[in-house]
There are 2 protein chains.
Amino acid sequence: MTSVEEPARPNGRIRDAARTKAEILDVATQEFARAGYDGARVDEIAALTRTTKRMIYYYFGGKEQLFTTVLERAYGVIREAEQGLDVEHLDPVAAIRRLAELTFDHHEAHPAFIRLVSIENIHGAQHIAGSEKLGKIGSPALDVIRRILETGRESGLFTADVDAVDLHAMISSFCFFRVANRHTFGALFGRDLVDPARHEHYRSMLGDMVIAYLTADRAEH
Amino acid sequence: MTSVEEPARPNGRIRDAARTKAEILDVATQEFARAGYDGARVDEIAALTRTTKRMIYYYFGGKEQLFTTVLERAYGVIREAEQGLDVEHLDPVAAIRRLAELTFDHHEAHPAFIRLVSIENIHGAQHIAGSEKLGKIGSPALDVIRRILETGRESGLFTADVDAVDLHAMISSFCFFRVANRHTFGALFGRDLVDPARHEHYRSMLGDMVIAYLTADRAEH
DNA sequence: CTATCAATGTACGAACTAGTACGTTAGCTA
DNA sequence: TAGCTAACGTACTAGTTCGTACATTGATAG
């Protein structure tokens, strides 16, 4: 997410639209994730930037459009990560477990993104709805899941009657909750869901859960 | 959550501290859930009340304390519901499924509560941390889960090595995500997770998932 | 070398928003 | 029925916050 690094241009170039825009987006991402849409302050974003508030309005139009752009970029990052998904060479069980683990890792690695999604839901996904880039784009992961499910069912390994979207929801649920609700959960139950010591525990718990669900003996219960 | 109903007092009594406080809390709950902590407006809460802003400060001290009180009351509602949990007469498998279903139903029935929890997490659970009533109160459901898990393991039905807190997290994840993220999920994947037509589907999906996880044949994979 | 425009900075304003000072009254009690 | 106090209302303020009018400058084309 930190797309702005120092100069890279030894000559003291001062005007650089791309860098200014990227820096605003980086700072805005952190500020919106930190405080929510209404809690975020345009002046604060500007202050944490090497440019001024004027530039935010010059490039993005306003607070609302800035937030939308922040969201678009954040979703772009997962899409990219999902593009690089390479699990279909594995057998269906291993492939699903690997996919779940990658989803797990990605959620843990991008808490700011998780917060942005929470915030966007508080506002009824109105920014996604108003964005051309984000309307019903689906997700590359869905296609991967679809194909694995098909293979798994053909081979008789998978007995569950789910489609890719619902399985994606199931996997995301666990990953999302753990990161998004860690504060209230920790405060109420005294357990830190993102404690590094429990990292592997939860990672395999997710895989076990999904595999158990997909391969369960349906006749039994 | 609507604890304020009309008069109930035929004599035109105007001053009623309890009713005024309850009405403020009802309205505040909706307003905070609607717009988030910073998005909520004290003036708006007052306007939707039969009293004035002065009373909010008179009874609650300020916006922050009002939000804390709203949270305390909201958590009180689930605790009460969980007190009434009566599933231990069932066999372990049926008991866990029933518990999952009740959790599922409760989440669906209280979307405002879910939103408040999301909002509180955005703010690092600072209000829960600062509340005497909410610090590490745990949950009645946890004790129930603990006992069912024990019975299930003794009988050999449950093979999974989980404790009650983690199982509670697993169940809550699914229920919470479905309600909290329905807007972004719907906008991105075109599927409404709270569509009444899919209600039963997701309800049994949750039960299947939890039972499959708990009873999976651990030797196999 | 200079004209031009994208890029940038400064300073300000209008509207909003949490919170409060001060005054009033209902209803209970002695 | 007089008096007291919890309960309530009005009007205001100090500070904040998004947004903009206006001025300026760096870099590039010709």
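The chains referred to below are lettered A, B, ... by the order of the sequence lines, with proteins before strands, and numbering in each begins at 1. In this text the structure is predicted, and so the values were computed from the model without any measurement.
A:Ala40 comes within contact range of the sugar-phosphate backbone alone, with a heavy-atom separation under 4.0 Å but no base atom that close. Residue contacts for B:Thr52: at a heavy-atom cut-off of 4.0 Å it reaches a base atom on one of the strands shown.
Under the 3.5 Å distance criterion, the side-chain polar atoms of B:Arg191 are left unmatched by any main-chain donor or acceptor of B:Phe185. No donor-acceptor pair closer than 3.5 Å links the side chain of B:His168 to the backbone N or O of B:Ala164.
Across D:dG9, D:dT17, C:dA7, the shortest atom-to-atom separation from the side chain of A:Asp43 is found for D:dT17. In the set D:dG9, D:dC18, C:dT8, the nucleotide with an atom closest to the side chain of B:Met55 is D:dG9.
Summarising the geometry, the separation between OH on B:Tyr37 and P on C:dA18 is reported as 8 Å, rounded to the nearest angstrom. Protein atom OH of B:Tyr58 is 18 Å distant from nucleotide atom P of C:dG23, rounded to whole Å. One can place CD of A:Glu44 at 11 Å from P of D:dC18, the figure rounded to the nearest angstrom. Rounded to whole Å, atom P of D:dT16 lies 15 Å from atom NZ of B:Lys63. The CG atom of A:Asp16 sits 16 Å away from the C1' atom of D:dT25 (whole-angstrom rounding). Regarding B:Ile24, its CD1 atom lies at a distance of 15 Å from the P atom of C:dA18, rounded to whole Å. If you take CD of B:Glu64 and P of C:dA18, they are 12 Å apart, rounded to a whole angstrom. At whole-Å resolution of the value, CZ in B:Arg50 and P in D:dG9 are 11 Å apart.
The side chain of A:Tyr57 contributes no N or O atom lying less than 4.0 Å from OP1 or OP2 of D:dT20. Taking 4.0 angstrom as the limit, A:Arg54 places none of its side-chain polar atoms (N or O) nearer than this to OP1 or OP2 of C:dG9. At least one side-chain nitrogen or oxygen of B:Arg41 sits closer than 4.0 Å to the OP1 or OP2 atom of C:dA18. Of the side-chain N and O atoms in B:Tyr59, one or more sit less than 4.0 angstrom from OP1 or OP2 of D:dC8. Side-chain N/O atoms of A:Thr20 include none lying less than 4.0 angstrom from OP1 or OP2 on C:dA7.
Side-chain contact between A:His123 and A:Phe67 is absent, with no heavy atoms from C-beta onward closer than 4.5 Å. Annotation: side chain of B:Thr68 is not in contact with side chain of B:Leu71 (no heavy-atom distance under 4.5 Å).
For D:dG9, the base has no donor-acceptor partner in the side chain of B:Lys53 [N/O atoms by modelled type, under 3.5 angstrom].
Exactly one residue among B:Glu64, B:His127, B:Gln126 makes a side-chain hydrogen bond (donor to acceptor under 3.5 Å, both in side chains) with B:Tyr37. That residue is B:Glu64.
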